[in-house]
J.: 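Here it is, the structure in full.
Note: hydrogens, waters and symmetry copies are ignored here, and every other heavy atom, side chains too, is used. For clarity, every value in this text was computed on a predicted model and none was experimentally measured. The sequence lines fix the lettering, A, B, ..., with proteins before strands; numbering per chain opens at 1.
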There are 2 protein chains.
Amino acid sequence: MRRLSRELGRSAMAPYWYVSDKQELLDLVARKLLSEVTLPEPDSGPWEERLRSVLYGIDAELHDHPGIAGILLERMRSTDRRLMNGIIEILLSAGFEGPNVFLAYAMIHTYLFGRYQVMEMDNPDATDLEDTLAGLVPHLAGLRGRDFFAYGVDTIIEGLRAQLASLKRSRRR
Amino acid sequence: MRRLSRELGRSAMAPYWYVSDKQELLDLVARKLLSEVTLPEPDSGPWEERLRSVLYGIDAELHDHPGIAGILLERMRSTDRRLMNGIIEILLSAGFEGPNVFLAYAMIHTYLFGRYQVMEMDNPDATDLEDTLAGLVPHLAGLRGRDFFAYGVDTIIEGLRAQLASLKRSRRR
DNA sequence: ACCTGAACACCGTTCAAGT
DNA sequence: ACCTGAACACCGTTCAAGT
């Protein structure tokens, strides 16, 4: 707060006229970013594509503001449920049901949450990787943050597809 | 640091005789916890089970100390690479190769990271879920933290299995 | 070898006051 | 309506000093 006021050329207490505390300010920022993510139309494609689209949308917002990821994702599941609801609708349309809807959603949410703690891991200090790994290091050079995220999302989608298949199998009995 | 000293009945500066700063103290705690996780023997079972076993091991350590998750996972990929190497060996034994080893590892690491930011989400305030969701809420009651983690790990494993299958397909060409 | 006390630079925030 | 200044309770940490 003090740094913000300093950068705006005001006294330390100036922000407190607009906002009641630091938390409220961060909430407003998170709210703004969340509102910029669009949900795909229900009939705009297969669930996999719609899911990927929301996740990439959230990723894009977080990309330039990794600092508020925590607040943002916390809001997503408490006060600002628009995106959470949207994702759950996608999962329902995919065929998830009952507890599985929440399990699947939580899994996705958790991955997103991790993404913005790690971020810096994208370029993992290839220096002094031991034994078996040393030979693999060259492969690391070409990988970028987006590659890691894309691979993660793909893997999650494949995983969910498998869960869905076994759900349908057990339903048939 | 001040609170630690207070609880130990020492002056605020007492810890600084043992440790050069707060970061170093947290590192020592993280190191201790990481060292308590055992890696399964390479021939102790299929890769899926060995992977699950390490992840559950890490989860168990983090469970009672969610606060140091950030430091712990950061160490895992920087100074304390024992577990990271172990997981990567498991992935290699599963058939991953080249960049895919790192992509798969990063995906897992990211999920773990998210797990301990979210934690509290495990019981998501079923109050005022809107429209389509209201009907699903009863299913939430029975779900516990462990269920969410187990489902996440299962989904990741299924996802990785699918990635592996397509890797092998492309290798055959 | 182990610890203390005073001090510094930094926070978020309360409260009374200024224009 | 919009902002300031002084003050408080809290940090992590430096430095010189005590036993």
Side-chain angles (χ1 to χ4, degrees), chain A residues 1-36 58 61-81 112-121 124-125, chain B residues 1-36 58 61-81 112-121 124-125:
Chain A
M1 303 299 275
R2 290 184 112 105
R3 189 176 143 212
L4 171 68
S5 336
R6 213 185 314 126
E7 285 184 18
L8 295 175
R10 295 285 112 107
S11 86
M13 286 311 294
Y16 288 91
W17 192 83
Y18 301 89
V19 113
S20 82
D21 60 9
K22 187 184 176 180
Q23 187 60 45
E24 186 179 323
L25 203 164
L26 293 175
D27 275 358
L28 288 169
V29 178
R31 183 176 183 174
K32 178 76 191 321
L33 295 183
L34 283 176
S35 76
E36 286 169 3
I58 297 170
E61 292 301 329
L62 288 177
H63 197 262
D64 307 314
H65 315 270
I68 38 88
I71 295 102
L72 197 148
L73 287 157
E74 176 51 31
R75 273 190 76 90
M76 248 178 93
R77 65 159 212 86
S78 56
T79 46
D80 234 351
R81 291 219 176 96
L112 268 183
F113 228 122
R115 162 84 169 148
Y116 289 93
Q117 309 303 119
V118 181
M119 278 288 256
E120 334 293 87
M121 200 197 77
D125 244 344
Chain B
M1 302 302 273
R2 291 183 111 105
R3 189 175 144 216
L4 172 67
S5 334
R6 212 184 315 128
E7 285 184 19
L8 295 176
R10 295 287 114 103
S11 85
M13 288 309 296
Y16 289 90
W17 192 83
Y18 301 88
V19 113
S20 84
D21 59 11
K22 188 183 176 182
Q23 187 60 45
E24 185 180 323
L25 202 165
L26 293 174
D27 276 358
L28 287 169
V29 178
R31 183 177 182 172
K32 178 78 191 322
L33 295 183
L34 283 175
S35 77
E36 285 169 3
I58 296 171
E61 293 301 329
L62 287 178
H63 196 264
D64 307 312
H65 316 271
I68 38 89
I71 295 101
L72 196 148
L73 288 157
E74 175 52 31
R75 273 190 75 90
M76 249 180 92
R77 64 160 212 85
S78 57
T79 45
D80 234 351
R81 291 221 176 94
L112 269 184
F113 227 123
R115 162 87 168 145
Y116 289 91
Q117 310 302 120
V118 181
M119 278 288 258
E120 333 294 87
M121 198 197 78
D125 243 346

J.: Figure out the OH/C1' separation between A:Tyr16 and C:dG18, and round it to whole Å.
T.: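 Atom-to-atom, A:Tyr16 to C:dG18, this comes out as 20 Å.
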
J.: May I have the distance from A:Leu26 (atom CG) to C:dG12 (atom C1'), rounded to whole angstrom?
T.: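 Roughly 12 Å, once rounded to whole Å.
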
J.: Once you round it to whole Å, what is the distance between C1' of D:dC2 and CZ of A:Arg10?
T.: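 Computing the A:Arg10:CZ to D:dC2:C1' distance gives 9 Å.
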
J.: How close do A:Glu24 and A:Ser20 get, counting heavy atoms only, and between which atoms?
T.: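 Scanning both residues, the minimum pair turns out to be OE1-OG, 2.9 Å.
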
J.: Map B:Lys22 and A:Gly9 onto DNA chain D by nearest heavy atom, then report which one ends up closer to the 5' terminus.
T.: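 Here A:Gly9 is the residue nearer the 5' end.
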
J.: In whole angstrom, give me the gap between the C1' atoms of C:dA7 and D:dC10.
T.: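 Those two atoms are separated by 16 Å.
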
J.: Nearest 0.5 Å please: distance from the CZ atom of A:Arg31 over to the CE atom of A:Met76.
T.: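 A:Arg31 CZ to A:Met76 CE: 15.5 Å, rounded to 0.5 Å.
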
J.: Could you identify the nucleotide paired to D:dC10, looking across every strand shown and requiring Watson-Crick or G-U wobble geometry with both distances under 3.5 Å?
T.: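 Across any shown strand, D:dC10 pairs with none.
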
J.: Do you know which two heavy atoms are closest between B:Leu72 and B:Leu34, and how far apart they sit?
T.: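 Closest pair (atom of B:Leu72, atom of B:Leu34, distance): CD2-CD2, 3.3 Å.
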
J.: Please give me the minimum heavy-atom distance between B:Tyr16 and B:Met1, naming the atom from each residue.
T.: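 That closest heavy-atom pairing would be OH-CG, 3.6 Å.
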
J.: Any side-chain N or O of A:Tyr18 under 4.0 Å from OP1/OP2 of D:dC3?
T.: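 Yes, A:Tyr18 has a side-chain N/O under 4.0 Å of OP1/OP2 on D:dC3.
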
J.: When you measure from the side chain of A:Trp17, which nucleotide among C:dT13, D:dA1, D:dT4 comes out closest?
T.: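 Of the candidates, D:dA1 comes closest.
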
J.: CG of B:Leu25 versus C1' of D:dT13: gap in Å, rounded?
T.: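 The answer, rounded to whole Å, is 14 Å.
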
J.: Between C:dC2, D:dT4, D:dC11, which nucleotide gets closest to the side-chain atoms of A:Met13?
T.: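 So the side chain of A:Met13 is nearest to D:dT4.
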
J.: If pairing requires Watson-Crick or G-U wobble contacts with both distances under 3.5 Å, which nucleotide is the partner of D:dG5?
T.: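 Because both required distances fall under 3.5 Å, D:dG5 counts as paired with C:dC15.
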
J.: Atom CG of B:Leu8 to atom P of C:dT4: distance rounded to whole Å?
T.: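 To the nearest whole Å, that distance equals 10 Å.
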
J.: Output the rounded distance in Å from CZ (A:Arg3) to C1' (C:dC10).
T.: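 Computing the A:Arg3:CZ to C:dC10:C1' distance gives 13 Å.
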
J.: Please report the distance separating the C1' of D:dT14 from the corresponding atom of C:dC3, rounded so that it comes out in whole Å.
T.: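 Between the two C1' atoms, the distance is 15 Å.
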
J.: Find the distance A:Met1:CE to D:dC3:C1' and express it as a whole number of Å.
T.: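 One finds 14 Å between C1' of D:dC3 and CE of A:Met1, rounded.
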
J.: Grab the two heavy atoms, one from B:Pro15 and one from B:Leu4, that are nearest each other, plus how far apart they are.
T.: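 Shortest heavy-atom separation between B:Pro15 and B:Leu4 comes out as CG-CD2, 4.2 Å.
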
J.: If you only use heavy atoms from C-beta on, which nucleotide in C:dG12, C:dT4, D:dT4 is closest to the side chain of A:Arg2?
T.: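 Nearest nucleotide to the side chain: C:dG12.
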
